[in-house]
Amino acid sequence: MKKKIAVLPGDGIGPEIIAQAVAVLDAVAEKYGHQFTYEYARIGACAIDSCGDPYPQETHEKCMNCDAILFGSIGDPKYDNDPSAKVRPEQGLLRMRKNLGLYANIRPVKPYDTLLDASPLKNDRVAGSDFIVVRELTGGIYFGEPRGRDESGDKAFDSCVYSKEEIERVSHIAFQYALRRRKKVTLVDKANVLATSRLWRETVKHIHQSCYPQVSLDFMFVDNAAMKMVSNPKDFDVILTENMFGDILSDISGVINGSIGLLPSASFGRDRSLFEPIHGSYPQAAGKDIANPIATILSAAMMLEDAFGLLQEAQAVKDACAKAIADGICTEDIVPGSRYGTVATGQYIIDMIKA
């Protein structure tokens, strides 16, 4: 199989973790007789620094001309700490999602038995957890218009906007995942307060009744869902939610695995699919060889499975990551005081794949 992959390392630790994921893909290609070629492009702060645009047209064209996209992270303190900055790295991420039509983000959460002690939660709460967060990605308050500040500058406003079509397309993905799992969808919203949430409930109920009656559907307010995610995560199978709630809840889910450095994700859309770790750019760790590459490597495994249909190859990557974790070949966020850094962890996973 020949595939072309757009590679967007981004900022902070992005280049380091992406380098390990690409090396893993090369190992897979060598072992299983595939050919992966890579088109590198800029996004985020590094793109602003080089051309003033966080998502240059050249980057978009490379993404459109490839079979899938592997993305690292964006963000830089010089923009985070400057509230007056008119161009920000995050604008590039949002524009990329919108321009590529990446409307559904999939984040699986399943803790490793050997890392139950790494979670701040009690073992009996975490053990056996296995759920997916399906987050709508191109609507809601992050994209709603109007937004801004009044003439005095003393008030600011953002608009949360959703259409039935936006809700329907991501809901179908959530129900289809549930059909392959334990057949349960939980819609997380704030329907007691928000008009958009009431539209979500109405639309999801209709889709459930007309298309997926064999799947159970329940509803939960977002504040209750956040509490339940850390008190009884085993109760969830597929969580379906809107953009901002999904952003927050999927990061909360990192405590279940013990580190957000272990959580991959996929974003599906009308044009292309993108695969990325859920964590940020962690600029304090950049260049220190301490960033955990496993979430990015597992994101590459999701690419092999979901974008290319290479199930055996994807499982080999997942098994190699599990072996590294079981053997304690992990960065210090997982094993405090570990002598294994980003490169050594990646190399061990590569060696397991090639074995």
Side-chain angles (χ1 to χ4, degrees), residues 8 10-12 14 42-60 71-105 133 135-167 169-170 188-201 203 221-223 225-226 241-252 260 265 267 269 274 276 278-284:
L8 281 56
D11 307 320
R42 296 165 297 180
I43 188 171
C46 63
I48 297 174
D49 292 344
S50 62
C51 67
D53 187 343
Y55 184 58
Q57 181 61 27
E58 177 187 6
T59 297
H60 180 68
F71 170 54
S73 58
I74 61 165
D76 190 286
K78 67 184 176 184
Y79 297 100
D80 297 338
N81 299 328
D82 182 5
S84 65
K86 298 189 182 304
V87 181
R88 296 178 173 277
E90 292 75 16
Q91 293 170 340
L93 178 61
L94 295 178
R95 187 159 15 118
M96 176 177 68
R97 290 172 178 169
K98 199 74 171 179
N99 291 355
L100 293 174
L102 301 174
Y103 63 84
N105 181 244
V133 179
R135 166 191 171 193
E136 200 289 324
L137 205 57
T138 58
I141 200 165
Y142 292 166
F143 291 95
E145 297 292 345
R147 66 175 64 227
R149 302 176 71 168
D150 67 3
E151 292 182 1
S152 70
D154 295 334
K155 292 183 179 180
F157 52 92
D158 296 284
S159 302
C160 185
V161 180
Y162 269 110
S163 68
K164 276 191 174 183
E165 180 185 4
E166 289 173 317
I167 299 167
R169 62 187 183 182
V170 71
V188 173
D189 61 24
K190 196 66 176 170
N192 57 335
V193 176
L194 301 176
T196 49
S197 284
R198 290 190 281 274
L199 178 63
W200 270 84
R201 285 209 181 192
T203 305
F221 294 147
V222 63
D223 41 359
T241 193
E242 59 101 71
N243 202 343
M244 184 171 69
F245 296 160
D247 190 4
I248 297 167
L249 289 176
S250 53
D251 281 358
I252 291 174
I260 59 174
S265 77
S267 297
L274 178 144
E276 62 176 311
I278 79 160
H279 57 70
S281 62
Y282 193 13
Q284 303 89 334

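Note that the coordinates shown come from a computational prediction; the quantities given were computed from them, not determined experimentally.
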Gap separating the CG atom of Asp150 from the CZ atom of Phe157, nearest 0.5 angstrom: 7.5 Å
Heavy-atom side-chain contact between Arg97 and Asn105 under 4.5 Å: no
Heavy-atom side-chain proximity of Ile48 to Lys78 below 4.5 angstrom: no
Least distance between heavy atoms, Leu93 atom then Phe71 atom: CD1-CE2, 3.7 Å
Side chain proximity check, Pro283 to Asp76, heavy atoms < 4.5 angstrom: no
Contact summary for Val188 and Leu249, nearest pair of heavy atoms: CG1-CD1, 3.8 Å
Enclosure of Tyr282 OH (heavy-atom neighbours >12, cutoff 6.0 Å): no
Nearest non-hydrogen partners of Ser197 and Phe245, listed with the distance: OG-CE1, 4.3 Å
Option among Arg42, Gln91, His60, Arg95 that satisfies the side chain to side chain donor-acceptor pair (under 3.5 Å) test with Tyr55: His60
From CG (Leu274) to CG (Leu100), nearest 0.5 Å: 7.5 Å
Residues Asp223 and Lys190 bridged, charged N to O under 4.0 Å: yes
Under 3.5 Å: donor-acceptor pair, side chain of Ser265, backbone of Glu276: yes
Shortest non-hydrogen contact from Ile74 toward Glu90: CD1-CA, 3.6 Å
Met96 vs Leu94 side-chain heavy atoms within contact, under 4.5 Å: no
Distance, nearest 0.5 Å, that separates CZ of Arg198 from OH of Tyr162: 16.0 Å
Check: Glu166 and Val170 side chains under 4.5 Å, non-hydrogen atoms: no
Test item: Leu194 and Trp200 side chains (from C-beta on) under 4.5 Å apart, heavy atoms: no
Any donor-acceptor N or O pair under 3.5 Å, side chains Arg135, Ser250: no
CD on Glu151 to CZ on Arg149, rounded to 0.5 Å: 13.0 Å
Between Gln57 and Thr59, a side-chain donor and acceptor under 3.5 Å: no
Check: Asp11 main-chain N/O paired with Ser281 side-chain donor or acceptor under 3.5 Å: no
4.5 Å side-chain heavy-atom contact, Glu242 and Cys160: yes
More than 12 heavy atoms from other groups under 6.0 Å of CD on Glu165: no
Backbone N/O of Thr138 and side chain of Glu136: donor-acceptor pair under 3.5 Å: yes
4.5 Å side-chain heavy-atom contact, Ile141 and Asn243: no
Minimal non-hydrogen separation, Gly52 against Val87, with atom names: O-CG1, 4.0 Å
Pro54 versus Pro89, closest heavy-atom pair with distance: CB-O, 4.0 Å
